[in-house]
Amino acid sequence: MSTKFYNTITRQKETFTPIKKGEVKLYTCGPTVYDVAHIGNFRAFLFEDLLKRFLLLKGYKMTHVMNITDVDDKTIKQSIEKKIPIQELTETFTERFFDDLKRLKILPADEYPRATAHIQSMIKMIKKLIDGGFAYQAGDGSVYFSIDAYPEYGKLVHLDFGGQKSTERIISDEYTKDNPQDFVLWKAWKEEDGNVAWDSPWGKGRPGWHIECSAMSTEYLGAHFDIHCGGVDNMFPHHENEIAQSECATGEPFVNIWMHCEYLLVDGGKMSKSLGNYYQIFDLLEKGFTPETLRYILLNTHYRKTLNFSLSKRHEADQAVQRISDIYERLTSFVGDKTASASFPKVFNDFVKALENDLDTPQALALFFNWIKQTNHRLDEDSLTLEDGASGLRFIDKFNSIFDLLPGRIEIPATVLSLLNEREEARTNKNWKLSDDLRDKIHKLGWLVKDTPDGAKCQPV
RNA sequence: GGCGUUGUACCCAAGCGGUCUAAGGGGACGGUCUGCAAAAUCGUUAUUCACCGGUUCGAAUCCGGUCAACGCCUCCA
């Protein structure tokens with residue numbers, strides 16, 4: 001059985017073979033910390049989380065690096081507008097970012113290199129590019145990458161720059177570059193940059209946006225590594241430029257597989273602050289979404305399809321997540337601690353196969369829910385063996401290691417517990433009126449009562 | 001203008017040439033269970049896959065065209 005991933009660069013599903021047997025080196029584009037990341041950003045991060053968890057399940061040793069962009073036009077602009085020193089601004093939003101990652105149960109990367117801590121690596125790489133004849137310092141003092149020096153430029157997004165006539169709007173104010181499409185590696189200092197500057201062989205300035213990922217990925221993962229991910233919007237120019245810089249600087253192929261996550265729309269359109277549908281993780285949790293329902297919603301659509309998010313999806317997701325934790329509890333109490341199992345149900349194989357097929361999460365979830373239905377059915381008619389129950393628990397465990405949709409144990413407050421006991425007593429006395437009143441009372445406290453053969457159970461509404 | 005993606009039930013969403021008279025989730029309706037609920041379960045909800053042609057023994061799946069939506073072609077996950 002082989003794992004296949006859709007490679008943006010070849011536009012095909014390809015069998016995944018790591019460069020070094022049993023090990024995967026993964027680089028994922030991280031946030032620019034000038035503001036709080038939104039739900040759309042997290043779609044990509046969650047897709048990457050799933051990819052990583054799946055590769056871990058397959059037994060690979062993972063090295064995962066995610067950059068933190070803490071210097072660029074946007075961070076500088078924000079710091080000026082808000083009159084906050086740039087370090088303070090980026091530190092704040094980096095913290096917020098890590099909080100959100102944790103909330104969504106995204107596994108931490110091995111390294112989160114910050115751009116500002118790797119200026120020297122970038123300078124070194126730029127130097128190499130100049131020495132190799134791939135870059136030049138222009139009249140404005142900035143250093144540019146010359147796309148004419150790299151004939152393969154455009155191979156990721158399949159754009160042909162060679163024969164193209166520049167459009168007028170590009171020509172207008174770009175007199176300093178050899179080719180209007182050349183992109184900046186080192187930006188010469190300008191007044192509005194304030195004290196955001198580093199010394200370099202080309203004078204005071206700061207790195208261009210793309211060079212950080214090339215320099216840092218090379219530093220942490222080597223010149224040539226396995227997988228690089230990001231959102232589709234990063235394909236051009238960001239990733240295209242990374243390829244150019246890296247391959248010219250190191251002389252080696254850069255990345256084997258490029259994977260890109262599609263956009264997330266909200267209510268059928270782009271998210272925008274003015275429409276009031278610009279959501280951050282914090283907002284959504286406030287509105288009653290749980291980390292699990294968010295994970296479900298974001299992972300239930302295949303990563304290469306646009307996902308249309310809306311608040312109304314919450315109900316569907318709540319139900320689905322509840323169904324999963326219900327079967328988990330049901331099986332747990334059925335099996336108790338009597339049996340451990342070394343096997344998996346037959347569907348487990350298909351489940352893994354679905355994910356091996358370019359991370360077909362909808363299919364994998366479908367198989368899982370199908371299995372839940374069958375298992376419930378067999379529990380109902382009392383035909384499930386303990387061994388089946390135990391292997392089912394193992395399946396859920398593996399399932400959860402990838403999707404992470406089981407909520408943690410929730411403590412039931414003492415007040416609710418005592419009301420619950422009262423109600424049980426009322427029920428044994430067949431005092432239905434009191435029992436129903438108590439159920440209402442408990443409901444008003446935010447808990448739903450379920451009478452099961454094993455006694456009353458209770459879950460948050 | 002160039003490159004590319006998408007169009008499957010009331011909603012979300014798989015499917016990648018035959019096991020498709022099309023999975024799974026949500027919703028709705030009806031039955032079983034239950035003191036009543038909740039949960040679970042059973043049944044119903046697309047002979048049809050935007051539309052029109054073509055290839056094929058066979059197409060939701062391949063090809064051509066039409067319509068619709070969308071993305072990229074310098075700073076956005």
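Lettering of chains follows the sequences in order, A, B, ..., and the numbering in each one begins at 1. These numbers come from the heavy atoms of this one structure, side chains and all, not from hydrogens, waters or symmetry mates.
Atom name C1', nucleotides B:rG24 and B:rU45: the rounded distance is 15 Å, in whole Å. B:rG2 and B:rC11 are spaced 37 Å apart, taking the C1' atom of each and rounding to whole Å. Rounded to a whole angstrom, the distance from the C1' atom of B:rA23 to that of B:rA60 is 14 Å. The same atom, C1', is picked in B:rC52 and in B:rA59; the two are 15 Å apart, to the nearest Å. Atom C1' of B:rU32 sits at a distance of 16 Å from the matching atom of B:rA38, rounded to the whole Å. Nucleotides B:rC49 and B:rU19 have their P atoms positioned 16 Å apart, rounded to a whole Å. Spacing of P atoms, B:rC73 relative to B:rA13, comes out at 25 Å, to the nearest Å. Rounded to a whole angstrom, the distance from the P atom of B:rC33 to that of B:rA28 is 22 Å.
Across all strands shown, nothing is found opposite B:rG58 as a Watson-Crick or G-U wobble partner with both distances under 3.5 Å. In this structure B:rA50 sits in a base pair with B:rU66, meeting the Watson-Crick or G-U test at under 3.5 Å. Across every strand in view, B:rC16 sits unpaired, with no contact that passes the Watson-Crick or G-U test at under 3.5 angstrom. Pairing partner, B:rC72: B:rG2, with both Watson-Crick or wobble hydrogen-bond distances short of 3.5 Å. The partner of B:rG43 is B:rC29, by the rule that a Watson-Crick or G-U pair needs both atom distances under 3.5 Å.
You'll find a donor-acceptor pair under 3.5 Å spanning the side chain of A:D451 and the base of B:rC36, going by distance alone. Side-chain to base pairing of A:N300 with B:rG24: no donor and acceptor N or O lie closer than 3.5 Å to each other. With hydrogens and angles ignored, a donor-acceptor pair closer than 3.5 Å exists between the side chain of A:K13 and the base of B:rC16. If you check distances only, the side chain of A:T306 never reaches the base of B:rG71 with a donor-acceptor pair under 3.5 Å.
Using a cutoff of 4.0 Å between basic side-chain nitrogens and carboxylate oxygens, A:K105 and A:D404 are scored as salt-bridged. A salt bridge links A:E247 and A:K155; the closest N-O separation between the charged side-chain nitrogens and carboxylate oxygens is under 4.0 Å. Classification of A:D436 and A:R439 as a salt-bridged pair holds, one side-chain N sitting under 4.0 Å from a carboxylate O. Looking at A:E356 and A:K353, no side-chain N of the basic residue comes within less than 4.0 Å of a carboxylate O on the acidic one, giving no salt bridge. Between A:R96 and A:D100, none of the side-chain N atoms (NZ, or NE/NH1/NH2) sits under 4.0 Å from a carboxylate O, so this pair counts as no salt bridge. For A:D49 and A:R53, the salt-bridge test passes: some basic side-chain N is under 4.0 Å from an acidic carboxylate O.
At the heavy-atom level, A:N241 lies nowhere under 4.0 Å from the strands shown. Nucleic acid contact for A:H260: none, since no nucleic acid atom lies under 4.0 Å from a heavy atom of the residue. When heavy atoms are screened at a 4.0 angstrom cut-off, A:V184 is found touching no nucleic acid atom at all. A:R330 comes within 4.0 angstrom of the backbone, heavy atoms only, and of no base. Nucleic acid contact class of A:G40 (heavy atoms, under 4.0 Å, all strands): base. Residue A:L367 is classed as having no contact, given no heavy-atom separation below 4.0 Å to the nucleic acid. At the heavy-atom level, A:E262 lies under 4.0 Å from base atoms of the strands shown.
A donor-acceptor distance shorter than 3.5 angstrom exists from the side chain of A:S333 to the backbone of A:E329, with no hydrogens or angles considered. Put simply, the side chain of A:N308 gets close to the backbone of A:D267: a donor and an acceptor are under 3.5 Å apart. With hydrogens and angles ignored, the 3.5 Å screen pairs a side-chain donor or acceptor of A:T8 with a backbone N or O of A:W258. Side-chain atoms of A:Q78 do not come within 3.5 Å of backbone N or O of A:L89 as any donor-acceptor pair. A donor-acceptor contact shorter than 3.5 Å is absent between the side chain of A:S214 and the backbone of A:I211. Without hydrogens or angle criteria, A:R295 side chain to A:F403 main chain gives a donor-acceptor distance under 3.5 Å.
In this structure, A:F45 and A:F42 have perpendicular ring planes: the angle between them is above 60°, well past the 30° mark. Using bins of under 30°, 30° to 60° and over 60° for the plane-to-plane angle, the ring pair A:H38/A:Y278 lands in the perpendicular bin. Ring pair A:Y112/A:F97 is perpendicular by interplanar angle, where above 60° counts as perpendicular and below 30° as parallel.
Remark: P of B:rA22 and CG of A:N370 are 15 Å apart, rounded to the nearest angstrom. A:H239 places its NE2 atom 15 Å from the P atom of B:rC72, with the value rounded to the nearest Å. Rounded to an integer number of Å, the gap from A:R304 CZ to B:rG4 P is 15 Å. In this structure, A:N431 atom CG and B:rC36 atom C1' are separated by 13 Å, rounded to whole Å. Following rounding to the nearest Å, A:L185 (CG) and B:rC75 (P) show an atom-to-atom distance of 17 Å. At whole-Å resolution of the value, CH2 in A:W432 and C1' in B:rC36 are 8 Å apart. Taking atom CG on A:L307 and atom P on B:rG71, their separation rounds to 15 Å, with Å as the unit. Look at CD on A:Q181: it is 8 Å from C1' on B:rC73, rounded to the nearest Å.
The side chain of A:K270 places no N or O atom within less than 4.0 Å of a non-bridging phosphate oxygen (OP1 or OP2) of B:rC70. OP1 or OP2 of B:rG7 lies within a sub-4.0 Å distance of a side-chain N or O belonging to A:K305. For A:Y263 and B:rC72, the shortest distance from a side-chain N or O to OP1 or OP2 is below 4.0 Å.
Looking at the side chain of A:L159, the nearest of the listed nucleotides B:rC73, B:rA14, B:rG35 is B:rC73. Distance from the side chain of A:P362 is smallest to B:rA14 among B:rG25, B:rA14, B:rC3. Nearest nucleotide to the A:W209 side chain, out of B:rG35, B:rC76, B:rA14: B:rC76. Looking at the side chain of A:R423, the nearest of the listed nucleotides B:rG35, B:rA14, B:rA38 is B:rG35.
Place A:R11 and A:H210 on RNA chain B by their nearest nucleotides, and A:R11 ends up nearer the 5' end. When each of A:A366 and A:R43 is assigned the nucleotide of RNA chain B with its nearest heavy atom, A:A366 is the one assigned upstream, toward the 5' end.
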N/O contacts under 3.5 Å, protein versus nucleotides 17-19 of chain B?
none

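Applying a 4.0 Å cut-off to non-hydrogen atoms, the residues of residues 372-381 of chain A that approach RNA chain B are A:K373, A:N376, A:H377, A:D380, listed by residue number. Listed by residue number, A:K313, A:H315, A:E316, A:Q319, A:A320, A:R323, A:D326 are the residues of residues 312-327 of chain A with a heavy-atom contact under 4.0 Å to RNA chain B.
Residue ring and nucleobase are not stacked for A:F369 and B:rG24 under a centre distance beneath 5.5 angstrom and an angle between planes beneath 30°.
The closest side-chain donor-acceptor pair between A:N67 and A:E212 falls under 3.5 angstrom.
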